[in-house]
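First the structure, in the form of structure tokens, and then the observations on it.
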Amino acid sequence: MSKEELQNGLNPQQREALLHTDGPLLVLAGAGSGKTRVITHKYALLTKEEKVSPSSIFTVTFTNKAANEMKERISSLISDDLKGCWIGTFHSQCNRILRSDITALGYRSEFVIYDESDRHSLIRHILRELKIYEALYKGVASRISSLKASMVTPEEFLSSGDGFGFDEKLAKVYIRFQDELRRCNALDFDDLIMLTVRLFQEHPDVLQKYREKFAYILVDEFQDTNRAQYQLVKFLASGHGNIFAVGDDDQSIYRFRGAEVKNILNFEKDFPGVKVIKLEQNYRSTQNILDVSGSIISKNPKRNVKTLWTDRGRGEKVFFYWLPVEEDEAKYVVRTIKDIYLKGVYNYRDMAVLYRINLQSRVIEEALRREGIPYRVVGGMSFYERKEVKDIIAYLRLCVNHHDNVSLRRIINTPHRGIGSATLNKIEQESKRRGISLFEAIRRICKTKSSSQTVIDKLDVFLKLINGISGLKDSSASEAIKSVVELTSYAEELEEQRIQNLTELMISAEGSSIDEFLDRVSLVTRLDESMPDDSISLMTLHTAKGLEFPVVFIVGIEEGLIPYFKSADNEEEVHEERRLFYVGLTRAKDILCLTGARRRRIFSKRQEQEPSRFLKDIPREHCHWVEKAACKKVSGNGSKEKGFARNKAVVYAFPYKTGCRVRHPKWGIGVVRDCYGKGDDLKVCVNFPGVGIKRLALKFAHLERI
DNA sequence: CGAATTGAGTTTTTT
DNA sequence: ACTCAATTCG
């Protein structure tokens with residue numbers, strides 16, 4: 001594509017951002033303003049016109065999904081292949097750098113990467129040893145994580161500490177944690193960033209090498225960077241200043257995990273002469289949706305004001321429904337979903353239900369199930385977090401790296417081989433006494449026969465097993481997985497579904513070496529989520545960031561949920577809740593429907609709920625505002641719930657009930673899903689197995705009741 | 001060593 | 001209400 005072609009279809013601001021090639025540039029991109037478009041076109045322009053090699057453009061995103069999407073879109077713009085390009089997540093980019101240069105910091109380059117749960121088990125182990133209440137491990141882990149994300153060393157933390165006992169203990173755990181990681185030859189996610197920054201700090205020659213290598217730095221979702229990530233980018237860019245950062249401070253919703261919006265503000269200080277461009281034309285939503293979301297976000301102070309506009313027209317008003325209890329809310333949402341679906345304009349995949357906390361999905365799911373509407377809950381446990389998958393990966397890690405104590409602890413008795421806590425304690429002691437890894441300690445115990453024969457026998461079996469698998473080091477990852485499963489008899493007495501998962505794991509490993517595979521599973525959280533079926537998406541507001549749907553429901557717009565009660569007394573956090581709400585609102589393209597319930601069960605307590613304070617900021621003229629005292633329209637069946645079954649209002653006598661069977665001359669036998677309309681316009685929705693769901697005008701479809 | 005029972009706590013999440 | 005985890009019992 002030529003320079004001219006790359007500009008086609010861009011608005012003036014986008015074009016300006018595209019054509020600014022030298023020096024720092026900050027693009028404040030409102031929701032739905034086509035930021036990815038600008039980034040990808042920029043990338044294409046740099047490689048095509050400026051003849052910059054893809055290997056000289058350092059491009060970072062936060063998620064793999066974003067990185068892949070970007071790669072795809074770029075490769076459709078330029079015909080060259082992107083081999084050797086540097087487009088990836090912060091973590092994968094840092095991994096790449098560290099794999100080649102971490103030895104400068106005294107680490108070995110074959111480190112393994114610990115995920116959240118590995119980190120948790122290591123911290124629990126340390127707490128146990130230091131005799132600190134173990135149940136605190138989650139809090140401790142997250143404190144340490146945020147210290148590392150802010151590049152604070154244990155020493156610095158200690159000196160800045162308030163001298164209260166707990167901080168001292170925390171620092172101790174922190175030191176110990178880093179120490180253990182090192183002994184295990186492992187890095188956690190925070191280390192990947194932190195150590196890369198440290199590498200640049202302490203080794204100017206290495207920094208110089210990368211500065212020369214990367215002529216341009218592109219940062220996506222800049223508002224989500226934490227301090228370490230920002231330092232990283234700053235290091236790379238401060239030589240030539242060719243940094244191109246894209247973000248939206250209004251969509252900063254990850255403060256709780258260390259994101260610092262102030263990086264956007266600092267940016268103008270750190271890179272003098274920065275050009276700031278705002279993208280305010282929105283290509284996603286109707287004007288009504290933009291007005292409503294704008295009225296919400298404009299109440300936040302300290303923001304880069306952006307006023308989104310669209311040429312799409314006003315569109316539907318935004319719906320707000322206030323219902324008596326959460327079940328009513330769910331029912332209302334589901335009924336509306338069905339109504340919309342049956343009108344035929346939108347499919348289920350075009351709709352999403354968003355909520356503040358995962359717990360809220362339950363009621364919605366139940367209501368959807370009752371109506372037989374297909375749905376999927378987005379988020380939740382990722383494939384690689386499943387126990388059986390993690391177990392097998394632990395075996396692989398241990399084989400590649402005998403120092404990996406965390407993996408060893410995980411699988412030493414999985415599947416059961418009679419090695420319990422007593423034996424493990426003995427091993428731990430031996431390892432501590434000699435300053436060797438657990439694996440070495442086991443070897444020693446076996447060699448010196450310093451335990452009872454039964455224990456030695458069991459340990460010996462384990463040793464032989466690991467040694468046997470270690471022999472597979474050079475075989476392919478999928479071979480190795482197969483062998484691990486066989487040698488450990490892992491699949492025995494495992495449920496069918498879990499065996500399936502292992503098969504899936506093997507398939508996903510095909511074609512990679514063990515090292516590559518381990519890297520990938522650490523840095524890629526979920527398998528590519530395929531979504532071929534037509535189903536409603538359910539997810540939290542956080543998960544919805546970056547996505548868009550023609551029809552969006554946001555449920556539970558109540559005080560206590562949005563803003564969440566734990567945030568309600570902290571001003572900063574209320575601002576973040578407001579942004580979160582804003583993110584949710586701006587996901588909608590055509591139809592936006594907000595709901596809330598007057599009474600709701602939260603943690604088994606029935607609570608009287610107030611409408612969210614944010615609702616006060618929405619101008620009523622953009623909304624259909626409906627408060628329901630009780631559920632009026634009860635759809636024939638399913639109204640046996642207490643309270644509002646009184647209106648047995650079967651409005652029209654439909655000839656077909658949901659669930660009854662019919663025969664169609666062409667499609668055969670099907671099940672009636674729904675029946676609506678009246679008179680000559682009576683429509684019936686039938687699911688024909690193997691054919692799919694059909695909507696038929698009763699008048700023309702020659703249905704036969706069976 | 002492993003199963004069963006009791007008890008505490010309860011946001012959001014990517015890598 | 002429900003989950004997850006620790007402790008206790010067999």
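Below, chains carry the letters A, B, ... as their sequence lines are ordered, and counting in each starts from 1. Worth knowing before you read on, the calculation uses all heavy atoms, side chains too, and leaves out hydrogens, waters and symmetry mates.
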Please assess A/E428 against A/H125 for the test side chain to side chain donor-acceptor pair (under 3.5 Å), listing each intermediate value before the final yes or no. CA-CA 11 Å; A/E428 298 274 2; A/H125 181 251; 3.2 Å; yes

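- Residue whose closest nucleotide on DNA chain B sits further toward the 5' end, between A/K458 and A/Y254: A/K458.
- Here B/dT13 presents its P atom at 9 Å from CD1 of A/I253, a figure rounded to the nearest Å.
- With hydrogens and angles disregarded, no donor-acceptor distance shorter than 3.5 Å links the side chain of A/E326 to the backbone of A/V363.
- Nucleotides B/dT13 and C/dC4 place their P atoms 15 Å apart, quoted to the nearest Å.
- A/Q607 has its CD atom 12 Å from the C1' atom of B/dT10, to the nearest Å.
- For A/D519 and B/dT15, the CG to P distance is 15 Å, given to the nearest whole Å.
- Residue-level contact check: A/N64 touches the backbone only, with heavy atoms under 4.0 Å from sugar-phosphate atoms and none from bases.
- Chain A approaches DNA chain C within less than 4.0 angstrom (heavy atoms of the protein), and the contacting nucleotides run 5' to 3' from C/dA1 to C/dA6.
- Between the side chains of A/R143 and A/Y174, not a single donor N or O lies within less than 3.5 Å of an accepting N or O.
- A/T89 has no side-chain polar atom (N or O) that falls below the 4.0 Å cut-off from OP1 or OP2 of B/dT14.
- Among B/dT10, B/dT13, B/dT15, the nucleotide with an atom closest to any side-chain atom of A/K566 is B/dT10.
- Taking atom CD of residue A/E134 and atom P of nucleotide B/dG9, one finds them 15 Å apart after rounding to whole Å.
- When ring centroids are compared, A/F267 and A/F222 come within the 6.0 Å threshold.
- The side chain of A/R356 lies closest to B/dT11, out of B/dT11, B/dT14, B/dT13.
- A/D190 comes within 4.0 angstrom of no nucleic acid atom, judged by non-hydrogen atoms across all strands.
- Atom CG of A/L192 and atom P of B/dT15 are 13 Å apart (whole Å).
- To the nearest whole angstrom, the two P atoms, one in B/dT12 and one in C/dA5, are 16 Å apart.
- Ring stacking is absent between A/Y564 and B/dT12, as the pair misses the limits of under 5.5 Å between centres and under 30 degrees between planes.
- For the pair A/N413 and B/dG2, the criterion of a side-chain N or O lying under 4.0 Å from OP1 or OP2 is met.
- Nucleic acid contact class of A/Y114 (heavy atoms, under 4.0 Å, all strands): none.
- A distance-only check finds a donor-acceptor pair linking the side chain of A/T488 to the backbone of A/Y490 [under 3.5 Å].
- Taking atom CD1 on A/I412 and atom C1' on B/dC1, their separation rounds to 14 Å, with Å as the unit.
- Contact between the side-chain N/O atoms of A/S92 and the OP1/OP2 oxygens of B/dT15 is not found at any separation under 4.0 Å.
- Atom CZ of A/F111 is separated from atom C1' of B/dT15 by 13 Å (rounded to the nearest Å).
- With a 4.5 Å cut-off on side-chain heavy atoms, A/D191 and A/Y114 do not count as touching.
- Across all strands, A/F256 comes closer than 4.0 Å to base atoms (heavy-atom distances).
- Proximity of a side-chain donor or acceptor of A/T543 to a complementary backbone N or O of A/M539 within less than 3.5 Å is not detected.
- Between A/N358 and B/dT12 there is a side-chain polar atom (N or O) within less than 4.0 angstrom of OP1 or OP2.
- Between A/E577 and A/H416, it is A/H416 whose nearest contact on DNA chain B lies nearer the 5' terminus.
- Among the heavy atoms of the strands lying under 4.0 Å from A/A422 are primed sugar atoms or P, OP1, OP2 only; no base atom is included.
- For A/R96, there are no salt bridge (charged side-chain N to carboxylate O under 4.0 Å, His left out) partners, not counting sequence neighbours.
- The aromatic rings of A/Y254 and A/H542 sit tilted relative to each other, their planes meeting at an angle between 30° and 60°.
- For A/T423, a side-chain nitrogen or oxygen approaches OP1 or OP2 of B/dC1 to under 4.0 Å.
- Look at CG on A/L354: it is 12 Å from P on B/dT13, rounded to the nearest Å.
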